[in-house]
Every structure is written in C-alpha cells, then in structure tokens.
S.K.: 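What follows is a single structure, and I will ask about it in a moment.
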Amino acid sequence: MKKYIFLYLILWSLSSCNEFLSETPKGTLIPKTIEDFGLMLECGGSTNEIAKGPGIMMLMDDDVKMIDSLWKIGTCRTYGLKSYCWEEHLFTVSENDPDYNALYHTIYVCNYILNHLEGAKEGGQFTKNYVEGAARFHRAFSYLSLVNLYAKHYDPQTAETDLGVSLKLDDNPNQVPERTTVKAVYDQILEDATKAEKLLEDNLSTHTIRPSKAAAYALLARIYLYRGEYEACWKAAQKARKIIGAPLDYNTCSIRGESGNPDGGINGINFSTNNTWNMPDVLCYKGSTQEPMQNADYNLSDELMNLFDKDKDLRWKLFVTTFSYRQKVKDGDEPRICTFYYSKNKGLNFGEVYLTEAEALVREGKIEEALDVLNQLRIKRYAADSYMDITEHDQEILLQLILDERRRELMFKGTRWFDLKRLNKEPRFAKTITHKYLGETYTLEPNSNRYVLPIPLKVIAANDLLEQNPR
C-alpha cells in the first residue's frame with residue numbers, strides 16, 4: 001500500500017506540529033499525480049480520516065437517554081459523560097478532541113491536494129475534475145461540521161461578527177490562523193460546495209465515501225437550510241432527489257426470525273452488511289471519528305420513542321426493537337436500542353434530502369409540493385397495509401409534522417444537535433432539554449452558550465491567538 005509522507009506529519013491544530021522531514025524516508029512517497037491524489041481521498045481509516053464525520057454531539061441532544069447501569073460498566077467514554085451533562089470542558093489540556101482533530105486533518109489533506117493539483121500528471125481511474133470536486137466537497141463538509149459545533153448557529157444579523165473557527169486553506173501545518181467569523185467560514189463552505197457540484201458527475205458510486213453531484217447538491221441543501229435560505233434550499237434538494245431516485249422501501253426489508261429470513265444478515269436486518277459505506281439510502285458516508293459510547297448503540301429518549309407509531313412505522317420495527325449490535329432487545333427491557341447499522345452514517349442520506357426539501361417548501365408556502373415530497377418518503381417507511389398519505393394543509397401544523405418525521409428518519413445520524421440549534425432561533429420551536437444521571441438533573445436552555453462547544457484546551461494552549469468560547 002502506498003504511504004504518503006505528509007499523512008504521518010500531523011495536524012496543525014494539535015498542541016505541537018512536527019516539522020517536515022528534510023528527505024523522504026524509505027518506503028514513503030510524496031504524491032504527485034492525479035492518481036496519487038485520488039487514492040488519498042479513498043482512505044477512510046485512521047490514516048487521514050476522509051470518511052469521518054463528527055460524533056461528539058451524539059449524547060448531547062434530546063433523542064438520547066442514558067441508563068445509569070450503562071455508565072457504571074464503562075459503556076460511555078469519559079468525554080461522553082461530560083457531553084451528556086454539558087460540562088464546561090469536555091477534554092483536559094492533555095487530551096485530544098477526536099472530532100476537532102479529524103475534521104481539521106481532513107481539511108489539511110484536501111488543502112494539500114488542491115494546492116498541488118495544478119500541473120499534476122493525469123491518467124488512471126481518477127479524473128482531475130473528480131479529485132478537485134471531491135477535495136472541495138470533503139473540505140466543505142468538514143468546515144460545516146466544525147462551524148456548527150464550535151460556533152454559534154448562523155444568523156444573518158450577527159454572522160459577520162460572531163466568532164467562527166480557524167479558516168485555513170493552505171497546507172503549511174506550521175501556520176495556525178486565529179478564528180474568523182461565522183460568515184467567512186460559510187462563504188468558503190458555499191464556494192467549495194458550489195464548485196464541487198460543477199465538477200462532480202451524476203453517477204452514484206456504491207463506494208459512498210466517493211461524493212457525487214447529488215451529494216454536492218444535498219450538502220448545498222443542508223447549508224442553505226442552516227442559513228434559512230429556503231428557496232435555494234429546496235431547489236438544491238430537488239436536484240439531488242431527482243438524481244438519487246426513490247429511497248429503499250422498508251416494506252421489502254425483514255429482520256431475523258421472520259419468514260424467509262432465518263439469519264437476518266448482519267445485525268439482524270436482511271439488507272445490512274459489514275460495509276457501512278455500501279448501505280442503501282447512503283448518499284455520502286461519514287463514520288464517526290470516535291463514538292462517545294464504546295459502541296454505536298444509543299438508548300432512545302422517552303420523547304423520541306413517543307413520536308413513533310410503533311405498529312405502523314417500519315423504522316421502529318427494523319431499527320429499534322430488533323437485534324442490536326450487542327444483543328436482542330427483550331420485551332420489558334427499559335432501553336430501546338438503535339441498531340449498529342442505523343446510527344453508523346453521520347454523512348448524507350436519502351431521507352434527509354426528501355425531508356429537507358419538504359421543510360423548505362412548506363416554509364415557502366408551497367403546501368402541495370411539500371406534501372408530495374413528504375409522502376414519497378413516508379410510503380417507503382410505513383407498513384403498506386395501513387399506510388395513509390398526510391393531507392394536512394395548515395402550514396404550521398404541516399411544518400411540525402415534517403420536523404417530527406425528520407427527527408424519526410435521522411435519529412442518531414448526527415443532525416439533531418444542529419437542528420436544535422437552528423430551531424431554537426424560532427421561539428415557537430425553542431425547547432429546554434433535561435438529562436438525568438445518577439439522580440441528578442441537568443438542564444440545557446434554548447440558545448445556551450453550552451450549545452457552542454469549547455475549543456479544545458490542548459489547541460488553545462498551543463495557540464494564544466485562539467479565543468475560547470464562553471460557556
């Protein structure tokens with residue numbers, strides 16, 4: 001396997017930066033060709049984190065409930081407990097924040113590619129357009145994750161002054177910039193995602209760490225949704241939806257023990273495989289850098305469980321009350337486990353595209369169009385023998401129905417924390433969250449400073465130009 005010298009040099013955001021070696025060690029290769037750069041974007045393991053998305057927010061939102069007994073057996077990592085209780089700092093000055101590091105590592109790799117692509121020799125399986133488009137896509141996705149974790153939600157009234165994150169576009173690991181504004185970060189994200197859409201092809205790859213034009217449209221739709229630009233949002237989502245087609249029909253899926261499915265496949269579901277980047281309905285795969293739980297199973301909050309029609313919603317049947325990563329959920333068990341497969345992808349999914357378009361349409365007053373898109377998804381998610389379309393025409397009621405559907409469809413996929421931040425800007429949707437741990441109750445108020453994660457203390461200690469977020 002090829003090894004790239006700079007992949008072992010490290011991330012400029014860490015507490016110290018190793019210097020580049022004066023000569024190339026034996027067995028390593030400095031990438032120079034389009035094929036080399038394309039292969040760099042293929043690696044999704046621990047080397048360059050390209051196929052990784054954030055996971056730190058998984059225990060902070062209102063979809064999760066932790067059972068005291070699970071804490072006691074060490075199921076939760078230390079920072080998972082701190083995030084569940086929204087503590088002031090989640091990592092000590094000697095600890096790395098895996099999300100912060102991995103996202104900036106991806107940015108560094110993409111910067112290197114984009115800054116050395118011009119004049120690179122072509123040939124092989126990758127085109128120059130794909131390599132540039134994919135690098136811009138991954139950089140945009142990483143910055144969108146960073147600015148929504150470590151900065152305030154985008155507000156057009158304050159984005160030009162709200163502190164964002166460090167915006168770095170070169171590949172010099174020794175240059176560490178101070179934080180720029182939320183607007184400046186979003187401007188770069190939009191530029192990259194827009195250019196990626198023009199460079200990438202329509203064809204969807206089964207190897208879904210490879211972004212496509214549809215993935216770029218879906219990313220643009222997410223960006224516009226977070227910015228509250230709903231016309232641009234539904235138009236981008238519509239373009240993605242027309243490329244990807246219909247989502248998987250859960251009526252065709254079965255679980256272990258059902259007629260014709262004695263084994264159930266991986267994790268007890270007939271379509272599940274060990275290759276999580278090759279699953280149905282995954283538009284662009286991004287696995288968590290490190291789950292705050294020591295496996296990917298999470299217990300649903302009472303509020304989330306109550307949102308399900310447990311007799312008709314096939315997501316409940318397939319992903320909540322069946323086999324989990326660890327065990328089969330038994331009648332009477334308090335936890336309702338979300339399966340290993342369902343919570344794995346923190347990237348972009350078919351269901352998100354449909355629901356983002358539906359939400360943006362209804363916010364623009366396009367009721368019939370919103371109902372059409374919403375029901376195209378719902379018919380694939382509810383039992384066929386009892387399915388009925390939603391026909392609600394009251395704009396406010398329909399918007400709430402879409403948001404509830406979004407919450408069910410995207411549970412534990414990494415979007416709920418960001419949705420809470422944006423919805424808290426609207427008084428009608430603002431909510432207080434409570435978590436309980438060993439008899440103590442912890443409360444998170446709408447728009448609290450605790451919605452903005454602290455810049456890791458280790459990073460702050462290494463760069464006195466970085467201003468810490470108030471908590």
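All residue numbers refer to positions in the sequence shown, counting from 1. Every value quoted in this text rests on a predicted model; they were computed, and no experiment measured them. No hydrogens, no waters, no symmetry mates; every other heavy atom, side chains included, goes into these values.
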S.K.: Aromatic ring centroids of Y108 and Y104 under 6.0 Å?
M.R.: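 Between Y104 and Y108, which both carry aromatic rings, the centre distance is not below 6.0 Å.
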S.K.: With a cut-off of 6.0 Å (strictly less than), are more than 12 heavy atoms of other residues, nucleotides or ligands near NZ of K431?
M.R.: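 Enclosed.
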S.K.: Please determine whether the number of non-hydrogen atoms from other residues, nucleotides or ligands lying under 6.0 Å from atom CD of Q125 exceeds 12.
M.R.: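 Yes, the 6.0 Å shell around CD holds more than 12 heavy atoms from other groups.
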S.K.: For A370 and A358, which heavy atoms make the closest approach, and how far apart are they?
M.R.: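 Smallest interatomic distance, heavy atoms only, reads CB-O, 3.6 Å.
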S.K.: Distance only, no hydrogens: is a donor on one side chain within 3.5 Å (strictly under) of an acceptor on the other, for Y387 and D389?
M.R.: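 Note: Y387 and D389 side chains meet the donor-acceptor criterion.
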S.K.: May I ask you to establish whether R422 and Y226 are in a cation-pi arrangement, using a distance under 6.0 Å from NZ or CZ to the six-membered ring centre and at most 45° from the ring axis?
M.R.: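 No, cation not above the ring by the 6.0 Å, 45° rule.
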S.K.: With the side chain counted from C-beta on, respond yes when L219 and L348 share a heavy-atom pair under 4.5 Å apart, and no when they do not.
M.R.: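 Heavy-atom side-chain distance check passes, below 4.5 Å.
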S.K.: Ignoring hydrogens and angles, state whether a donor on the side chain of K286 or H138 is under 3.5 Å from an acceptor on the partner side chain.
M.R.: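 There is such a pair between these side chains.
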S.K.: Flag the pair R241 and E357 as a salt bridge only when some basic side-chain nitrogen lies within less than 4.0 angstrom of an acidic carboxylate oxygen.
M.R.: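 A salt bridge is present here (some side-chain N lies under 4.0 Å from a carboxylate O).
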S.K.: With the threshold set at 4.0 Å, does a side-chain nitrogen-carboxylate oxygen contact exist between K128 and E132?
M.R.: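 Looking at K128 and E132, the cut-off is not met.
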S.K.: Less than 3.5 Å apart, any donor N or O on the side chain of D281 or N349 sitting next to an acceptor on the other?
M.R.: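 No, because no side-chain N or O of D281 sits under 3.5 Å from a partner of the opposite role on N349.
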S.K.: Is the distance between the ring centroids of H435 and Y442 under 6.0 Å?
M.R.: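 Y442 vs H435: aromatic centres not under 6.0 Å.
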S.K.: Determine whether the side chains of N463 and R179 contain a donor N or O and an acceptor N or O closer than 3.5 Å.
M.R.: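 No, because no side-chain N or O of N463 sits under 3.5 Å from a partner of the opposite role on R179.
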S.K.: Can R378 be said to sit on top of Y382's aromatic six-ring, NZ or CZ under 6.0 Å from centre and within 45° of the ring axis?
M.R.: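 Satisfied, under 6.0 Å and within 45°.
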S.K.: Should we say atom NZ of K242 is surrounded by more than 12 heavy atoms from elsewhere, each under 6.0 Å from it?
M.R.: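 12 or below, so no.
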S.K.: Are the aromatic rings of Y250 and F319 close, with centres under 6.0 Å apart?
M.R.: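 Distance test on ring centres: under 6.0 Å, yes.
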S.K.: For T415 and R222, test the side chains for any donor-to-acceptor distance below 3.5 angstrom and give the result as yes or no.
M.R.: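 Per modelled atom types, T415 and R222 side chains form no pair under 3.5 Å.
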S.K.: With a 3.5 Å cut-off and no angle check, do the side chains of Y217 and E197 form a donor-acceptor pair?
M.R.: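 Checked: Y217/E197 side chains pair up, N/O donor to acceptor below 3.5 Å.
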S.K.: Do S288 and K346 meet the criterion of a side-chain donor-acceptor pair at a distance under 3.5 Å?
M.R.: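 Yes, K346 and S288 have a side-chain donor paired with an acceptor closer than 3.5 Å.
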S.K.: So that I can tick it off, tell me whether K65 and E303 are bridged by a salt bridge, with the cut-off set at under 4.0 angstrom between side-chain N and carboxylate O.
M.R.: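 Not counted as a salt bridge, because no side-chain N and carboxylate O are separated by less than 4.0 Å.
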